[in-house]
Amino acid sequence: MKNKYSVFSLIKNALSQHENWQQAWGNPEPKKEYDTIIVGGGGHGLATAYYLAKKHNLKNIAVLEKGWIGGGNTGRNTTIIRSNYLWDASAGLYDHALKLWENLSQELNYNVMFSQRGVMNLAHNLQDVRDLKRRTHANRLNGIDAVWLNTEEVKKFCPIINTSPDIRYPVLGGTLQRRAGTARHDAVAWGYARGASEMGVDIIQNCEVKGIKRNGDRVKGLETTKGFIKTNKIGVVAAGHSSVIANMAGLKLPLESKPLQALVSEPVKPIIDTVVMSNAVHAYVSQSDKGELVIGAGTDSYVSYTQRGSHNIVEETLKAILELYPIFSRMKMLRQWGGIVDICPDASPIISKTNIKGLYFNCGWGTGGFKATPGSGDLFAHTIANDEPHKLNAAFNLNRFVSGDLVDEHGAAAVAH
Amino acid sequence: MFLINCPFCGERDQSEFSSGGEAHIVRPKQPTELSDDEWAEYLFMRKNIKGIQFERWNHVHGCRKWFNVVRDTSNDKILSVYKMGEKPPVNYK
């Protein structure tokens with residue numbers, strides 16, 4: 001790496017008032033032709049380009065981003081990372097990602113601030129208890145760390161939770177995945193962008209795809225706001241806008257795009273050193289390194305591309321937060337935003353070839369894509385490079401909606417992500 | 001967040017309604033004749049339009065009746081509301 005970040009480079013640049021840091025990634029104009037084009041410069045897209053160059057030795061790759069890199073859902077999520085999914089296919093996929101997370105800062109020479117602070121999922125009724133216990137057993141059979149905590153253990157692990165039996169939805173226990181945690185979302189996009197750019201990937205920002213040109217059943221290139229770009233392999237990683245891109249190729253996807261909101265509070269001293277999620281009362285919370293509480297919950301029920309979301313969702317989320325953490329009752333919320341998430345009927349992603357040659361889709365991550373970023377990029381790169389899925393993403397093909405072989409993680413996962 | 005003009009109750013807050021997704025998906029007349037591809041199309045594939053979309057809503061915390069809405073999903077503006085069984089307005093494509 002040309003400009004390796006280290007304590008020495010930090011000292012060296014401190015001596016020159018930090019004015020001589022080199023640009024972390026290039027800002028090229030698009031070439032006339034690329035071997036592979038990735039549509040979407042979020043975490044997943046940049047990771048895909050990175051692994052295409054790194055592991056599959058492909059050259060002449062471009063990433064097209066209509067805005068700025070990491071400005072979509074990568075910069076809008078609540079940064080939770082975990083792999084405690086119920087079904088074998090999901091466990092394989094998400095734990096593959098988690099294993100990559102564990103070494104990602106070293107791999108990218110970029111601090112993604114991956115923090116294995118644990119993720120706890122709470123149970124509030126007997127069915128929750130049964131479901132979550134079943135999930136811990138399934139996780140352990142798949143080699144994923146998971147433990148069941150009773151109410152006292154939950155209280156001990158996170159003392160600010162209200163475990164009184166008098167609340168509307170009393171805490172009856174919870175599961176804990178200690179290897180789970182959080183990471184700095186922007187850094188993930190920037191780290192992959194820097195790594196990919198270093199290997200010659202062209203990252204082209206402010207370049208929106210307007211159309212897909214086909215030659216029979218094969219892709220020929222992309223119409224963009226920066227002109228026509230020729231290519232014979234297109235990997236689409238456009239999250240909420242996947243259906244819009246699919247439409248350009250005359251494809252329909254089993255997706256609905258909905259706003260998912262998050263909000264952060266004013267910064268306070270460290271108060272919660274883990275991530276706590278609850279499905280029954282539906283809210284999740286963690287604390288950023290700046291001290292803000294990072295809070296999220298469910299999506300709006302309707303299709304929308306507005307990146308706002310409804311006020312009543314915020315109200316319900318905060319009600320849930322206050323019931324579980326009365327200590328937060330006087331916290332002020334600083335910012336609220338929405339991202340557009342593409343949800344599959346079975347709440348599992350699609351990393352797949354299509355019936356158009358050279359057109360690949362990585363979408364349907366719904367409310368929980370951030371956690372999978374490295375794994376998603378790695379497996380999508382494999383799928384594009386070999387024109388065949390890796391065994392870890394074989395189950396996540398588009399054809400499952402025809403065959404009926406769904407990976408039904410609705411409710412089986414921890415619903416909220 | 002927006003207001004929806006229920007054809008039976010008048011203008012109410014969106015939180016009183018539940019979204020029923022894309023409208024005018026016709027239930028197969030002869031389900032036994034359908035191929036797997038046709039089932040997938042009917043059950044799962046959605047237009048998921050960014051722009052003007054025809055959709056169903058239910059006034060679940062009100063009259064509990066279903067009706068159709070034409071809405072621009074890029075800005076949540078509602079352009080038209082019409083009852084179940086009525087023909088969709090032709091001036092929107």
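In what follows, chains are A, B, ... by sequence order, proteins preceding strands, each numbered from 1.
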Nearest-0.5 Å distance, CD of residue A:Glu256 to CD of residue B:Glu55: 9.5 Å
Atom pair CG (A:Asn399) and CG (B:Asp37), whose distance is rounded to the nearest 0.5 Å: 7.5 Å
Closest heavy-atom pair and its distance - B:Arg46, A:Leu255: CB-O, 3.7 Å
side-chain hydrogen bond (donor to acceptor under 3.5 Å, both in side chains) assessment of B:Ser15 paired with A:Asn312: CA-CA 7 Å; B:Ser15 61; A:Asn312 58 312; 4.5 Å; no
Candidate pair B:Asn48 and A:Leu253, rule side chain to side chain contact (heavy atoms under 4.5 Å, CB included), full reasoning: CA-CA 8 Å; B:Asn48 195 24; A:Leu253 295 173; over 6 Å; no
Heavy-atom pair with the smallest gap, counting every atom of A:Lys252 and B:Met45: O-SD, 3.5 Å
Chi angles and distances behind the side chain to side chain contact (heavy atoms under 4.5 Å, CB included) call for B:Gln14, A:Ser310: CA-CA 9 Å; B:Gln14 169 260 314; A:Ser310 303; 3.1 Å; yes
Enclosure of A:Lys226 NZ (heavy-atom neighbours >12, cutoff 6.0 Å): yes
Engaged part of A:Val303 at the chain B interface, taking heavy atoms whose separation is under 4.5 Å: both
Residue B:Ile49 versus chain A: region with a heavy atom under 4.5 Å: backbone
Whether B:Trp57 and A:Tyr302 hold their rings parallel, tilted or perpendicular, with breakpoints at 30° and 60°: tilted
B:Glu38 versus chain A, the contacting section by heavy-atom distance below 4.5 Å: neither
Separation between CZ of A:Phe401 and CD of B:Glu41, rounded to the nearest 0.5 Å: 13.0 Å
Worked verdict on A:Leu406 versus B:Phe44 for side chain to side chain contact (heavy atoms under 4.5 Å, CB included): CA-CA 11 Å; A:Leu406 304 180; B:Phe44 299 125; 3.9 Å; yes
Validation row: A:Arg308, B:Asp76 side chains within 4.5 angstrom (heavy atoms): yes
Minimum-distance pair of heavy atoms, taken over all atoms of B:Ser19 and A:Ser301: CB-O, 3.5 Å
Close side-chain approach of B:Arg71 and A:Ser304, heavy atoms under 4.5 Å: yes
